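So the structure is just underneath, and the comments pick up after that.
Here the structure is a predicted model, which means the values were calculated and not measured. Proteins get letters first, then strands, A, B, ... in listed order; numbering begins at 1 in each.
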Amino acid sequence: MSEATDTMAVEPASGAGDVPPFRYTAAMANEIEARWQDFWADNGTFHSPNPSGPLADPGHPRYGAEKLYVLDMFPYPSGAGLHVGHPLGYIGTDSYARYQRMVGRNVLHTMGFDAFGLPAEQYAVQTGQHPRATTEANIERYRSQLRRLGLAHDDRRSVATIDVGFYRWTQWIFLQVFNSWYDTDANRARPIADLIAAYADGSRPTPDGRRWADLSEIERRTIIDDHRLAYVAEAPVNWCPGLGTALADAEVTADGRSERGNFPVFKRHLRQWMMRITAYADRLLADLDRLDWPEKVRTMQRNWIGRSVGAHVDFAFDGGTIRVFTTRPDTLFGATYLVLAPEHAAVDALVAAAWPAGTVAAWTGGHATPVEAVASYRRFAAGKSDVERQSDAKEKTGVFIGAYATNPVTGAGIPVFIADYVLAGYGTGAIMGVPGQDERDWEFAEVFELPIIRTVRPPADFAGRAYTGDGPAINSAFLDGLGIADAKAKISEWLTAEGHGTDAITYRLRDWLFSRQRYWGEPFPIVYDDTGLPIALPESMLPVELPEIDDFSPRTFAPDDAASNPETPLSRATDWVQVTLDLGDGPKRYTRETNTMPNWAGSCWYELRYLDPDDDKAFVDPDSERYWMGPRRPGDVGGVDLYVGGVEHAVLHLLYARFWHKVLFDLGHVSSEEPYRQLYNQGYIQAYAYTDARGVYVPADEVVESAQGGYRYRDQPVTREYGKMGKSLRNVVTPEDMCSAYGADTFRVYEMSMGPLDVSRPWDTRAVVGSQRFLQRLWRLVVDENTGQTRVVDSPADDESRRLLHRVIDGVRTDMDGIRMNTAIAKLIELTNRATVVSTVGTPREIAEPLVLMTAPFAPHLAEELWHRLGHDETITYASFPVADPALLVDATVTYPVQVNGKVRGRVEVAADAAEETVRAAALAEVADHLGDREPRKVIVVAGRM
RNA sequence: GCCCGGGUGGUGGAAUGGCAGACACGGCCGCCUUAAAAGCGGCUGCUGAGAGGCGUGCGGGUUCGAUUCCCGCCCCGGGCACCA
């Protein structure tokens, strides 16, 4: 993969001068850190016990305790290596998890790798190096980089999606999905065997009404396959020649390019594996309300699912009906034309042989016949790229197809058009044009000179065109006078009664395109017989291992040839593809599926595998799943207690994982309804980059701020920009740089103190020294820098320090519970500074010990070292977090600020339990000068505050 | 255009109806040092000689009191976008 990242030089934290021999320097920190990392690894300090099975440990200090499952979004181990931004979330979850262990919880926290995917494969195409070799090397490098940070992970539970022992179960879950169907009556997935039984015993009629027994085997299999939650379909897909694969809708950006690699994407019809995520649209939407997730992410998922409530309305024409979807059935009296998507299947049947008498010239597009006009317009629409389609959004185009349909409520004949502003993939691919109440329809009506009938009375001052607000219905016969909601209800009743339509709900969400024409992914556990229909392999034949091949390159195909499909890399492994298997009816020849799964597959369920990583009998042990992820109380969705990662996965990973989890829940394989109960999006660490006069990036660490303002590099002015950290921007700082220059603990403390975890902020290497000073002072409170002896004394602390200590304990607990590491650290610094000031002969143990304990989540190596120097033999990991004494949280006296007209004019100190009268008198005396001879109109005393 | 966030010193940020700027960086001054670094201590929102005045994007409002709540704008970041 790529070369080791260029890194910026970092000045040593301390000079080479004569520092005291036992000062907490970077060298000292590195020695301490390496020693404790070895100790933790040797002792399995961070192993967390399961309730049963091989990872159960009744002797563990947290065995059977209240559980907490903390999860990071696992990384793709790229060749570029880590910069200081990557571990931010990991350090956050580690600090949180370490704190939760100290308050008594059994915490599960580990780390894995999402290791299938395109970058390793692209690299393989270029170099011929096997993706497994590069990926595994990258994983090893990530592991060692992360180890230096002292993350308290249970490494027994670490998994990578490329491990055969892992993807075997990804394939197993695929089989569960394949072998189930969605029962809309029960509103859940059920085993496909139930569906077959229902057809067989006649309780469920076949699509064409024939008896099940009378159907051929192929007919039966086709009917069943059409119900599966994983199915093969010929569908318009996002074909990306640059990547040589089809992509899911969510992997395509708004401007029609691939999210990975930014290659153009085209719509093509291909036979592909799909997942019926649309069956879960309602539940995926409804259960968002039961999740403790950022509103932003829930909104994004809501928009992606795109539920619209409305009605289907049928418009009759000679020989059939056209069904449209509308959210405004109340405006039906204003529907003066219909528009179909150019690709709509009914167009060919509808299109007239000749223009009807009286056809407006503008409707024909200048063509002699409707057939010609349709063909021409379809070519025009299909030739537009997504980008063009968007930029042309305001100019309505279309063509009349020479046919009329009947508005069911007015009986009027209305013309039928095709136009590309109607999308084939949404609703029914057809709309009724209501220009009076829809801006797009108004624009279209203006271009084609179509009648405009208002059916909602706009306010008197309304100056616009289409009116989309509420108001009384007009020109609508029996709806007249009703508001939108009432009119909807009434027209819906009428449509149903007259047989012209029904209430309907439509989603923007499409089924999930699940196959990729690439090598580096999970093979499908699917073979085909000579019918061409898919057959699931039995569980006993798992795993289906990736075959070894030499040529990883995707081959493009003839895009104009509708029958051609892309050649997949696996199809070249002919010995693997053509296989003889005994699937219960004797050995036969089969052809394997040669697509692979998208890299989202592994991340759809990895949190479950952490619970029981080595199980070769089940994907997860039910007892462990119930303990770590089960509902806490009736009605709770269950799931991981805290899931931390970037917001970029708001719809992709997080929606797919919810979908799989719900299938597993329906089939009884998990007790939790949702995978991630609480989601937290950490911010990004960003960085400044600098360009010179030529626009070339200069090393950011050599840029100085000039006295006149502005920035200079080697005396030349440079321009500062703010954004990502990246090799090409010459502003990368790595965790290794920080560990070498300051130690991992300083780096951790700095990242946690920069600001709230969910906010993005700029990296500032200069500021790291503040965190080091804090840890040096803490060290100095316990250890004499000149002798190395401990300088903690057993004499009591002064009263003020003690009160501060207990306020800090109380505040740090509140902050940590709320994931506010930055303010927790500020309080610890405050206490450390106070202790430093009063410490002359030594530091009172009653201050030093709680301070070390409270610092342990952030600077675990230093805390562990000091804890042992304070005379403790056991690891600090499971030591009890300090508890504040409530009696010390209230002071004997209170200083009241005194305000006059909202301005602070003085302050008075009174006893905390002083009566209001006393406070009032003291306050008035204090501000007597300000009042002069004026009488206060009103005096307000807020007990304890003001 | 619509939907989410957000706007506080030179910088990162703190305070969620009650002393604006905790904590940290940077800066200035001092101690220590032959010197420098490190360390330690002090000062550091703006303005003013001072008393004081002003100050949380802008303009209103509620309140004894608003960074915080309400209304209307402006700007920045993110998401969605011909979805009927």
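Taking only side-chain atoms of A:V759, from C-beta outward, the nucleotide of B:C82, B:G13, B:G41 with the closest atom is B:G13. Each of B:G79, B:C80, B:C3 was ranked by its minimum atom distance to the side chain of A:M300; first place goes to B:G79. Here B:C80 is the nucleotide among B:G39, B:G13, B:C80 with the atom lying nearest to any side-chain atom of A:R508. For A:R761, the side-chain atoms get nearest to B:G13 when compared with the rest of B:C82, B:A84, B:G13. Out of B:C80, B:A84, B:C82, the shortest distance to the side chain of A:K396 is found at B:C82.
In the interface, the side chain of A:K296 is not paired with the base of B:C3 through any donor and acceptor atom under 3.5 Å apart.
What separates CZ of A:R780 from P of B:G39 is a distance of 8 Å, to the nearest Å. Between A:D758 atom CG and B:G13 atom C1' the separation is 13 Å, expressed in whole Å. At whole-Å resolution of the value, CD1 in A:I305 and P in B:G79 are 19 Å apart. Atoms CG (A:N303) and C1' (B:A81) sit 10 Å apart, rounded to a whole Å. A:Y24 has its OH atom 14 Å from the P atom of B:G39, to the nearest Å. Atom C1' of nucleotide B:A84 and atom CD1 of A:I322 are separated by 15 Å, given to the nearest angstrom. Between the OH atom of A:Y467 and the P atom of B:A84 there is a distance of 19 Å, given to the nearest Å. Distance CZ (A:R302) to C1' (B:C2): 16 Å, rounded to an integer number of Å.
Between A:M754 and A:T428, the residue anchored closer to the 5' end of RNA chain B is A:M754, taking for each the nucleotide with the nearest heavy atom. Nearer the 5' end of RNA chain B, as judged by each residue's closest nucleotide, is the contact made by A:P762, out of A:R820 and A:P762.
Geometrically, A:K724 does not engage A:Y684 in a cation-pi contact, judged by NZ or CZ lying under 6.0 Å from the ring centre and within 45° of the ring axis. For the pair A:R720 and A:Y690, the cation does not sit on the ring face, since its NZ or CZ is not both under 6.0 Å from the ring centre and inside 45° of the axis.
Under the Watson-Crick or G-U wobble criterion, with both distances below 3.5 Å, B:C2 is paired with B:G79. Partner assigned to B:G21 is none, using Watson-Crick or G-U wobble distances below 3.5 angstrom. Nucleotide B:G41 forms a Watson-Crick or G-U wobble pair with B:C29, both donor-acceptor distances falling under 3.5 Å. Pairing for B:U62 is absent, with no Watson-Crick or G-U wobble pair whose two atom distances lie under 3.5 Å. Under the Watson-Crick and G-U wobble criteria, each requiring two contacts below 3.5 Å, nucleotide B:A15 is left unpaired.
For the pairing with A:F315, the side chain to side chain contact (heavy atoms under 4.5 Å, CB included) check across A:T321, A:V416, A:V324 returns one residue only, A:V324.
Annotation: B:G45 and B:C28 have their P atoms spaced 16 Å apart (nearest Å). Separation of the P atoms belonging to B:G18 and B:U68 is 11 Å when rounded to the nearest angstrom. Here, B:G12 and B:G7 have their P atoms 12 Å apart, quoted to the whole Å. B:U56 and B:G17 have their C1' atoms separated by 15 Å, given to the nearest Å. Distance noted for atom P between B:C75 and B:G57: 16 Å (whole Å). Between B:C69 and B:A22, the distance separating the two C1' atoms is 24 Å to the nearest Å. Rounded to whole Å, the separation between the C1' atoms of B:C25 and B:C2 comes to 41 Å. Here the separation of B:G9 from B:C43, taken at their C1' atoms, is 15 Å to the nearest Å.
A:R820 is linked by a salt bridge (Lys or Arg N to Asp or Glu O under 4.0 Å) to A:D815, counting only residues two or more places apart in sequence or in another chain. For A:E446, the side-chain hydrogen bond (donor to acceptor under 3.5 Å, both in side chains) criterion is met by A:W442, A:R465, not counting sequence neighbours.
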Atom pairs under 3.5 Å: protein N/O with N/O of nucleotides 22-31 of chain B:
unit_1, atom_1, unit_2, atom_2, d
B:A24, OP1, A:N833, ND2, 2.8
B:C25, OP1, A:R773, NH1, 2.5

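B:G9 has its base syn relative to the sugar, with a glycosidic angle deviating from 0 by at most 90°.
In this pair, A:F444 and A:F417 present their aromatic rings perpendicular. The plane angle is above 60°, beyond the 30 to 60° band. The aromatic rings of A:F325 and A:H312 lie perpendicular to each other, with more than 60° between the two planes, well past the 30° mark.
Between A:D330 and A:K488 there is no salt bridge, since no side-chain N of the basic residue sits under 4.0 Å from a carboxylate O of the acidic one. A salt bridge is absent between A:D292 and A:R298: the closest approach of a Lys/Arg side-chain nitrogen to an acidic carboxylate oxygen does not fall below 4.0 angstrom. Ion pair A:R803/A:E800 not flagged as a salt bridge, since none of the NZ, NE, NH1 or NH2 atoms sits closer than 4.0 Å to an Asp/Glu carboxylate oxygen.
Note on A:P756: only backbone sugar-phosphate atoms sit closer than 4.0 angstrom, heavy atoms only; bases stay farther off.
Residue A:T506 has no polar side-chain atom (N or O) positioned under 4.0 Å from OP1 or OP2 of B:A84.
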